Each structure stands twice: as structure tokens, then as C-alpha cells.
J.: 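Just dropping this structure here.
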Amino acid sequence: MFQKIFNTATRKKEIFEPIKKGAVGIYVCGITAYDVCHIGHARAAVVFDVVVRYLRSKGYAVTYVKNFTDIDDKIIDRANREGVGFKEISERYIKAHDEDMAALGVITPSVTPRATEHMAEMIALVKNLEEKGYAYCVDGDVYFEIGKYNQYGSLSGRNLEEMMAGARVDVNDKKKNPLDFALWKNSKEGEPFWESPWGKGRPGWHIECSAMSRRYLGETFDIHGGGEDLIFPHHENEIAQSRAASGKPLAHYWIHNGFVKINSEKMSKSLGNIFPVKEILKNYHPEVLRLFMLQSHYRSPVDYSDDSLAEARTSLIRCYTTLKLMKDLKGKLESDSSSASSKNPETVENYLGRFEKLIEKFDEAMDDDFNTAQALGHVFDMIRLTNNFIVDEKNIASSDKTRILAETTKVFDHFGTVLGVLQSDADHFFASDKETELRKRGLNIDEIESLVRQRESARKEKDWARADAIRKELAVLHIVLKDSPHGTSWMIE
RNA sequence: GGCGGCAUAGCCAAGUGGCUAAGGCAGCGGUCUGCAAAACCGUUAUUCCCCGGUUCAAGUCCGGGUGCCGCCUCCA
């Protein structure tokens, strides 16, 4: 099957053809390190994480570059407000970013370049543009002259007249055209600066991505990604700079992820509805957040709310319940020496055949522009099928069970590796979930366990009235009990 | 003002010309259970915002309307 990708540049799904067979170069715009990561950053990170994971699972050697913007107005502002150097701010938030990403199970990109470590490349690029006549210097600022570049607007589907009519562009009389953008900025008194042919200054925002993608992936590479808000002006400007400098296309495929809304509203500082990743992860297992995001297509907006995460948690519990059943059955099989044969040998082949089919369907969904929502549908089909097998288990010979279990494990490994979920041991997952829920609800584990023990002794004495009274008491706290021959376990609903 | 997107069950959400409109959550009936929970089985959209059109065939294409949203300014 071919990999299809919706290319923002053409607004169509296209068949993906890498420049170099078997290899993929992908550049994604990372964060500006001036604050902690919020759920929007998390979505972008998870989306491209899954893209890279899937391409790798298909055998591509993927070089994934995600940058850090570590010098910029907002970083300087924050440093001034706190009375510290800009480096302290950027270091702090890069570190926080790395912690969040690790917690979310996001695989570290192949290269994570920082703007400040590529000054020479940026200066060379700006110089190149100046020499070619695409850039002009005014008072130590260098601007890109869009009038000299006739393809401006190709990515975002705008033309110059429309944008001029829009008129909401910043007023700056140094520029020949209001849409010209800064490649290099003269540094003001007290601001950090680097020496350059235009005097002391610092890079404009867009130039770093052009310089760093070129350094690590070449003049033209396969995929460029980012949030949909970056289409204009950031990516438009990147294309203009790079293409003007090299005469070649910057990237063949442009992928943009949709936004996260909060309770149906746009997330914004003024509404005060920014959710830092760290806050969310206090209340939910990271895979809950991943599952929540992957249940929608990456280009659609997702609407974050407590209810929607709670729902995703329930779904994830369904998955881990099955993984736990598998684990227990595996344990049972190891100490089982019976050699009875299966009642219906064809059912065994039937299971194996259907597992195979689900892997194919999963991959087909992922091939179709990374349709994780559809792929998850097949994951849940696999959950149901595995549960069927577990119900059916008594009729199947041990050797066949072992075979089937090995196969289910393989299937879930594939799904889990691609989506970055189901990566925990089932018992660990439930333990961590229980801990999180207890903390969130302010419940005391000792009290609960004491009641559970009291109920267990009541049950031994067949004092059902007492047992049910305790069940009811715990139910008020949203605690659900599960009796089994080996004792009673509980979890929080 | 310009550009673009979305509208599918109680909720979330796939599906972009053709077998029975995925999947999750919630609900209902059943099996299992001392009672439950989990799991399983069955069930829940004669229909995809509205009106017209194209077609043998449309949720899916075209035209119009209504509603919601995003971008055009730093933003994942």
C-alpha cells in the first residue's frame, strides 16, 4: 500500500514518494522556549511522533528534526521581567519541554537544533539572500523583499493583493512593503546580540528554520510539519527565503495539525484557559491524553474537556483490562502441562487469520493520511476479538493458546508501538491509575482497603447484607469492587 | 473585508460515488455472578444541517441557504 499524505501546499491527499528511497527527512517547527508546554504543544508533538513512528514501522529510515527557538522577543521579555539572562529562560523551558515530552512518550527527534547554535548558518543564508537581491538592509535590520519573489503566498493560498487589502499588517516605515519580513534584527540597547555584516543583531524568527533544515536535511527534503497556525506567515516566509536562496523547493509535503479547543473555546491567554501538560498529567495517565488526541483525525480540531478525557480514560481501561487478561492467561499457561487438543482446530486458524487481517486494516488506515481514528477502530476490534478468545479459551489446547497469545502480543505491540499507547505493563497501568484517581479525589487508600477487608470477611461468613452494605458505601465514593475466586480487587470509576 | 474549514446517533468520532453508515462513551435486554464488576451476546442513525441539481447510484460531487469555527497580528 502507498502512504498517502494530505499536502497543505496542494490541499490534496497525495501519494508519498520520498526523495531517497527508503529514507525520510522531516522537519517540524518546535517550541519557542519562553513558557511551559500546553496541551496544544502536546498535540503537535504527539501527531508528528505518530507520523514518525508509523513511517519507521514501514521500514523508512527517518531523520526527524525538531528545533528549539531559543532567542526571540518573548524570551527576552520574560528574561527582562525576571531580571535574568535570556539563556536562563530558554534553558529552563527547554528542560521543561523535554520532561513533558518524555512523560507523554514522545520519542526524541533525531536532531533537536537550537537557533543560537546556528548563527553562522543563518548569517550566511541572509547574506546569500542579500547578494541575490532578495534582501535589503535598513539601519541594521535586514528584510526579505517579497516583491522580488514571485511565488509568495503559494502555501497559504493567498495572493499579495488580498493580503494588502487585509491591511492588518504591521506598520513599519523601514519596510518597502508592509509584508516584507525581518531576516535579521538590529539589537536594541541591552539586548542579546551576535556580530554580523549588518552590525550587532539577532535573527528574525523565520530564518532559523530555513538555516537548520538546510543544514540537517538539505536544500529540499520530504516533509515539513507544524501547527496549522504556522502556515501563515511562518511557513510561507520559510519557503520564500529558502526557495529564493537555493532556487529549489523547500519541502515536498507540508503537514499541519489542527488546534486544541478548550470546552469549545479557543485556547488563549486572555481567556485564561491554557492547560499546561504538567497539570493535565497530574490528573490523567499520559496515554489517556494520547488516546484522546488520536481518536480524532490530526487535521480536525479537538475539543478538550474534563469529560472527554474521562471518556478516553474509560476506553484506555478497556484496553488494559484485556492486556491484563492476556497477562494472567500467559501466567497460567506457563504452569500448565495439559496436552488436550482443541475442540475446534479451525477456530484457532480463524483467530490467527483475523489478527492478521486487523494488522492489515490498521496499516491501511495509517497509510491513508495517518488516520489514527480509524486505526483505533481496528485496535478496539482487536480488543473484542482477544476478549472472545479469552472467553473461548477453555475449548482450546494449551499449545494453541500459547500460539494465539504470542500472536495477540505481536499485534498489540505493533499497534502500541505506532500509536505510543499500551506501552505499560497492565498491572503498572492500573496501579498508576489508582494512585492518580485517589489523589485527584482526595481518597484515603487505607480506609478503602480496610472496608474491602471487612467485606471479605463478611462474604466468607456469607453475610451478604453486610457485604452489600459495604459495596454500597464504597460505590458512593465511585469505587467499584470486583470479586474473584482469588479475592476482591477494586478500582475507581 | 479577504482566505479556509466544519455540520454524521444522547455525547465523542471515522467514512468523500456503490455490499448491512467503523470505533469509543453512555443506555437498554440477556449470559455469567450470592449480589455486583469485568467480559461476552443482542440492541440503540430507514439515515448523514436544509433546499435544489448531476448520476443507474450521493453522507460522499455541483449550486444555493442556514449555523459554527479558524487564519489574515506572537501562537502548536
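Values in this document were obtained by computation on a predicted structure and should not be read as measured data. We name chains A, B, ... by the order of the sequence lines, and we start the count at 1 in each one.
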J.: At a cut-off of 3.5 Å, list every protein nitrogen or oxygen paired with a nitrogen or oxygen from nucleotides 4-8 of chain B, distance to 0.1 Å.
T.:
none

J.: Can A:Glu238 and A:Ser210 be said to form a side chain to side chain donor-acceptor pair (under 3.5 Å), step by step?
T.: CA-CA 6 Å; A:Glu238 259 186 83; A:Ser210 287; 4.8 Å; no
J.: Go through the N and O atoms of the side chain of A:Arg43 and the base of B:A76, and report whether any donor-acceptor pair is under 3.5 Å.
T.: no
J.: Nearest of B:A14, B:A76, B:C75 to any side-chain atom of A:Lys266?
T.: B:C75
J.: Please give the distance between the C1' atoms of B:C6 and B:U16 as a whole number of Å.
T.: 14 Å
J.: Going by modelled atom types, is there a donor-acceptor pair between the base of B:G15 and the side chain of A:Asn371 at under 3.5 Å?
T.: no
J.: Using a heavy-atom distance cut-off of less than 4.0 Å, which residues of residues 98-105 of chain A contact RNA chain B?
T.: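 None - not one residue of the stretch has a heavy atom sitting under 4.0 Å from the strand.
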J.: Testing the 3.5 Å rule here: is there a donor-acceptor pair between the side chains of A:Tyr320 and A:Glu287?
T.: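 Looking only at side-chain atoms, A:Glu287 and A:Tyr320 do form a donor-acceptor pair, the distance falling under 3.5 Å.
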J.: Given the side-chain rings of A:Tyr34 and A:Tyr93, with only the six-membered ring counted for Trp, is the space between their centroids under 6.0 Å?
T.: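 Between A:Tyr34 and A:Tyr93, the centre distance exceeds or equals 6.0 Å.
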J.: State whether the distance check finds a donor on one side and an acceptor on the other, under 3.5 Å, for side chain A:Arg299 versus base B:G70.
T.: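 In this structure, the two groups form no donor-acceptor pair.
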J.: What contact category does A:Val260 fall into here, base, sugar-phosphate, or nothing, at under 4.0 angstrom with non-hydrogen atoms?
T.: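 A:Val260: base contact, heavy atoms under 4.0 Å.
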J.: Quick one: which of B:C40, B:A76, B:U16 gets closest to the side chain of A:Asn388?
T.: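 In terms of side-chain proximity for A:Asn388, the closest of B:C40, B:A76, B:U16 is B:C40.
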J.: When the P atoms of B:U54 and B:U44 are considered, how many whole Å apart are they?
T.: 35 Å
J.: Please tell me if A:Asn387 has a side-chain N or O lying less than 4.0 Å from either OP1 or OP2 of B:A38.
T.: no
J.: When the C1' atoms of B:U46 and B:G59 are considered, how many whole Å apart are they?
T.: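 Per the computed distance, 14 Å lies between those C1' atoms.
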J.: Between A:Lys174 and A:Asp180 (salt bridge meaning N to carboxylate O under 4.0 Å), is one present in this structure?
T.: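 Looking at A:Asp180 together with A:Lys174, the answer is no, because their closest N to O distance does not fall below 4.0 Å.
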J.: Taking everything shown except A:Lys188 itself, do over 12 heavy atoms lie less than 6.0 Å from its NZ?
T.: no
J.: With sequence neighbours left out, what residues match A:Glu279 under salt bridge (Lys or Arg N to Asp or Glu O under 4.0 Å)?
T.: A:Lys282
J.: Out of B:A76, B:A13, B:G15, which nucleotide sits closest to the side chain of A:Ser296?
T.: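 Looking only at side-chain atoms, A:Ser296 lies closest to B:A13.
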J.: How about A:Phe68 and A:His97: are their ring centroids closer than 6.0 Å?
T.: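 When the ring centroids of A:Phe68 and A:His97 are compared, they turn out to be within the sub-6.0 Å range.
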J.: Could you work out which one of B:U16, B:G70, B:C74 sits closest to the side chain of A:Lys74?
T.: B:C74
J.: Check whether more than 12 heavy atoms from other residues, nucleotides or ligands sit under 6.0 Å from atom NZ of A:Lys278, and answer yes or no.
T.: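 Yes, enclosed.
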J.: Dot-bracket, 5' to 3', for RNA chain B please: Watson-Crick or G-U pairs under 3.5 Å, [ ] where pairs cross earlier ones, | where the partner sits on another strand, dots elsewhere.
T.: ((((((((.[[[..)..(....]]].(((((.......))))).....[[[[[..)....]]]]])))))))....
J.: Just grab all the salt bridge (Lys or Arg N to Asp or Glu O under 4.0 Å) pairs involving residues 361-390 of chain A, residues at least two apart or on different chains.
T.: A:Lys13-A:Asp368, A:Lys58-A:Asp367, A:Arg299-A:Asp369
J.: For A:Trp464 and B:A36, is the shortest distance between a side-chain N/O and OP1 or OP2 below 4.0 Å?
T.: no
J.: Under the side chain to side chain donor-acceptor pair (under 3.5 Å) criterion, do A:Thr10 and A:Glu14 qualify, and how do the steps go?
T.: CA-CA 9 Å; A:Thr10 57; A:Glu14 297 175 356; 2.5 Å; yes
J.: Can you check the distance between B:G17 and B:A58, where both ends of the measurement are the P atom (answer in whole Å)?
T.: 14 Å
J.: Report each atom pair, protein N/O against N/O of nucleotides 29-31 of chain B, whose distance is under 3.5 angstrom.
T.:
none

J.: Using the P atom as the reference point in each nucleotide, state the distance between B:A45 and B:C56 in Å, no decimals.
T.: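 Roughly 32 Å separates the two P atoms.
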J.: Roughly how far apart, to the nearest Å, are B:G29 and B:G67 at atom C1'?
T.: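 Each nucleotide's C1' atom is 38 Å from the other's.
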J.: On RNA chain B, nearest-nucleotide positions of A:Asp468 versus A:Gly227: which is more 5'?
T.: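 Residue closer to the 5' terminus by nearest nucleotide: A:Asp468.
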J.: Looking at A:His235 versus A:His206, is the centre-to-centre ring distance below 6.0 Å?
T.: no
J.: Picking from B:C74, B:G70, B:C35, which would you name as closest to the side chain of A:Glu228?
T.: B:G70
J.: When the C1' atoms of B:G52 and B:U66 are considered, how many whole Å apart are they?
T.: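 Their C1' atoms lie roughly 15 Å apart.
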J.: Do A:Gln3 and A:Ile15 touch side chain to side chain, with heavy atoms closer than 4.5 Å?
T.: no
J.: Enumerate the residue pairs fulfilling salt bridge (Lys or Arg N to Asp or Glu O under 4.0 Å) with a member in residues 39-50 of chain A, sequence neighbours excluded, ordered by first and then second residue.
T.: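 Non-adjacent pairs meeting salt bridge (Lys or Arg N to Asp or Glu O under 4.0 Å): A:Asp49-A:Arg53, A:Asp49-A:Arg290.
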J.: Using the C1' atom as the point on both nucleotides, what is the distance between B:C19 and B:G2, in whole Å?
T.: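 The answer is 45 Å between these two C1' atoms.
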J.: If you restrict it to nitrogen or oxygen atoms, what contacts under 3.5 Å exist between nucleotides 23-26 of chain B and the protein, and what is each distance?
T.:
from	atom 1	to	atom 2	distance (Å)
B:G24	O2'	A:Ser315	OG	2.3
B:G24	N2	A:Glu311	OE2	2.9
B:C25	O2'	A:Glu311	OE1	3.4

J.: Would you tell me whether A:Tyr152 and A:Asn150 have side-chain atoms, one donor and one acceptor, within less than 3.5 Å of each other?
T.: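 Not at all, the side chains of A:Tyr152 and A:Asn150 share no donor-acceptor pair under 3.5 Å.
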J.: Can you tell if the side chain of A:Phe144 reaches within under 4.5 Å of the side chain of A:Ile207, non-hydrogen atoms only?
T.: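 Side chain of A:Phe144 against side chain of A:Ile207, heavy atoms only: no contact under 4.5 Å found.
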J.: By nearest atom, which of the nucleotides B:C35, B:C72, B:A14 is closest to the A:Phe232 side chain?
T.: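 So the nucleotide nearest the side chain must be B:C72.
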J.: Of the residues in residues 475-483 of chain A, which ones touch RNA chain B at a heavy-atom distance under 4.0 Å?
T.: A:Val480, A:Leu481, A:Lys482, A:Asp483
J.: Report yes if some heavy atom in the side chain of A:Val391 is under 4.5 Å from a heavy atom in the side chain of A:Asn387; otherwise report no.
T.: no
J.: Taking the side chain of A:Val391 as heavy atoms from C-beta outward, which of B:C40, B:C35, B:A14 is closest to it?
T.: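 Per side-chain heavy atoms of A:Val391, the pick is B:C40.
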J.: Please tabulate, for the side chains in residues 461-468 of chain A, all donor-acceptor contacts under 3.5 angstrom to protein atoms that are two or more places apart in sequence or on a different chain.
T.:
from	atom 1	to	atom 2	distance (Å)
A:Asp463	OD1	A:Arg466	N	3.2
A:Arg466	NH2	A:Gln454	OE1	2.7

J.: Mind calculating the distance between CE (A:Met366) and C1' (B:A14) to the nearest angstrom?
T.: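 After rounding, the reported distance stands at 14 Å.
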J.: Base, sugar-phosphate, or nothing: which does A:Phe292 touch, judged by heavy atoms less than 4.0 Å apart?
T.: nothing
J.: For A:Met491, which contact category applies under a 4.0 Å heavy-atom criterion: base, sugar-phosphate, or nothing?
T.: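 No contact at all - A:Met491 keeps every heavy atom at 4.0 Å or more from the nucleic acid.
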J.: Just checking A:His38: base, sugar-phosphate only, or nothing, at a heavy-atom cut-off of under 4.0 Å?
T.: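 Here A:His38 touches the bases of the nucleic acid.
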J.: Under 6.0 Å between ring centres, would you say that holds for A:Tyr27 and A:His224?
T.: yes
J.: Would the distance check show the side chain of A:Glu236 and the main-chain N or O of A:Ser154 forming a donor-acceptor pair, the cut-off being under 3.5 Å?
T.: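 Looks like yes, one N/O pair under 3.5 Å.
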J.: Grab the CD1-C1' distance between A:Ile231 and B:A76 for me, whole Å please.
T.: 12 Å
J.: Can you name the salt bridge (Lys or Arg N to Asp or Glu O under 4.0 Å) partners of A:Lys434, sequence neighbours left out?
T.: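 Salt bridge (Lys or Arg N to Asp or Glu O under 4.0 Å) check on A:Lys434 returns nothing, list empty.
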J.: Does anything in residues 415-430 of chain A pair up under salt bridge (Lys or Arg N to Asp or Glu O under 4.0 Å), and if so which pairs, sequence neighbours excluded?
T.: A:Lys324-A:Asp427, A:Lys327-A:Asp425, A:Lys327-A:Asp427
J.: Under 4.0 Å, counting only non-hydrogen atoms across every strand here, what does A:Ser268 touch: a base, just sugar-phosphate, or nothing?
T.: nothing
